[in-house]
Amino acid sequence: MAKKKFTVGCFDEEDTLFAAVKKVRTAGYKIHDVYTPYPVHGLDKALGLRETSLHTAGFIYGITGTTTAISSISWIFTKDWPLNIGGKPHFALPAWVPIMFELTVLFAAVGMVLTFCYLCQLAPFVKKHHFHARATDDLFVMVIECSDKTNTDDLKAFLSNAGAVETDVQVAEDGWWLGRYDKDEMMFENKTVAA
Amino acid sequence: MASVKMQFEIPGKMRTWSFALMGVGLAALLIGLFTKGFSSDEHEQAVFWGTLMYNTIFWTLVTNAAMFFICVTTLAMGGWQQSFRRVPEAISTLVPIFGSITFAVLIYVVFSHKHHIYHWVDAEAVAADPILNGKKGFLNPTFFLIWSTLTIGFWSILGWRMRQLSSEADEAAMNNETGRSFIWRNTVRAALFIVWFALTVGSTIPWLWMMSLDAHWYSTMYSWYTFASSFVSGMSLIALWVIYLKNKGYLEYTNQEHLHDIGKFMFAFSVFWTYLWFSQYMLIWYANIPEETVYFKHRVQGPYKGIFFLNLIINFLCPLLILMKRAAKRNYTLVTFMAVLIIFGHWIDFYQMVMGSISKEHVTLGWMDFGILSFFVGVMIFQTGRALASKPLIPKYHPFLKESIIHHT
């Protein structure tokens, strides 16, 4: 839960944002994330994000569910407690398919929701830093990670050149953060926080 | 728009192939006619006509599914299909052709009293049979003739009206008003087609043409099952033609995004087909009533066992596992492979649905089945190519074309 320094550039147009993302990446800066009011098509590609592994996780949860269902029902009905139900064979596969299906769906759905929360670092009591309150309204907020060697003034000027309407430097928690907002970190009071 | 190729030119190779396939098919048809069709053995005759029946019904329903796709996407106000909509339109021009063949075959079978195929055409047997007597209002030659005529006629006419309207998008740019009226007329015609489709493919026609082969047996699931089979094959056929045209350098506006959506249809309706397959099977298995299990007896435990389970592997396991990944649905080679596999799988499905009832003791799958199949494939290639060449490939003034060009999944 290290604190990191970020340079924030705000854009009010999708088109300028795309051009700016390209410029910033070519210049070699590391984009932490871009916060947009709505899902922007193609932005993941422009940012060079790798494809999510959520599908693969979902598939694995799904087959885990199927396996759980088939192994437990077959054990129960053939070994543990065989019952004669309507003269059907003990290993009555067609009758189990609905349960196998349901368990597949249940495991996949619950597992994927939890994985999604984990990947987005969402959990009870975990706080997230908001770089700009208008990111949920009408502003496209690009956040660039700074190292010790980054000249933030240059970077701010670079962002303004690329079309940013607002730029600033913030220090924020990166990743999982179980702390709380201090009084002086209240967003509506002041946006920038001293290091 | 200048750089886009609007006009499809039929390559010589395609023409040669289609004639070759038709030639092989006609040869198989003639040999089959003389060895089986004119045979004195009524069972052999039944096998010959049954082979014709399932092939022609399969191809009619598959080509009709292409028009169903157009109408459904039109009603859903879909825009993404516009860049390749001329492909399903071209495929659907086959409906009158295959429809007439189906009509001729079925009417011959019914009116020449082939009671080895349709048990219910035998009036004496019906009179002595309380169950068939109860179905007399539906299963009788007159109703069969009238309903089949209406069905094939309206499929052809309503489909032709849709295609005719689509040509308006080639003529002149539309403004807001004419564009709206164009979309509205599309909606009305598509809705008419869908209603007729629901009354026929969605319910009565599979009961009448195929389920009545087992005159005593019934399943309300049967029509939906047939529809799912034909629709997923129809989507696969569209995918094949789109990929073919892409390979020849046409359809510049169609790309992986569109292929991905077609792939989703192939994947989703394979699963839907399985859902219906299983729902029909499980209820009958569970209740275990002899009058219902009679359909599955020789399919699951008799000579058709292999085909029956092969069917499930090709049509469910393969699409499920192979088409599940996003990358697979965007891969031209893999989609081509899966499309061919799915069409073959559902052709086999129709085979066991029809022949499983006509030839209960022996699986007759052999040279004649593949020969007749090749005839239909040949006609399909020939006519689709001709229809594609007769119209611009892209409806350039369609109000939704832009939506298709920038389509993104």
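The sequence lines fix the lettering, A, B, ..., with proteins before strands; numbering per chain opens at 1.
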Can you check whether B:Tyr281 reaches A:Pro94 side chain to side chain, under 4.5 Å on heavy atoms?
yes
Nearest heavy atoms of B:Met282 and A:Pro98, plus distance in Å:
SD-CG, 3.9 Å
Using a 6.0 Å cut-off, check whether atom CZ of A:Phe18 has over 12 heavy atoms from anything other than its own residue.
yes
OH (B:Tyr332) with more than 12 external heavy atoms under 6.0 Å
yes
Can you say whether A:Phe59 sits under 4.5 Å from chain B via the side chain, the backbone, both, or neither, judging by heavy atoms?
side chain
Option in A:His55, A:Lys88, A:His41 with maximal non-hydrogen atom pairs under 4.5 Å from chain B:
A:Lys88
Determine whether more than 12 heavy atoms belonging to other residues, nucleotides or ligands lie under 6.0 Å from atom OH of B:Tyr286.
no
Heavy-atom neighbours of B:Lys325 NZ exceed 12 at 6.0 Å
no
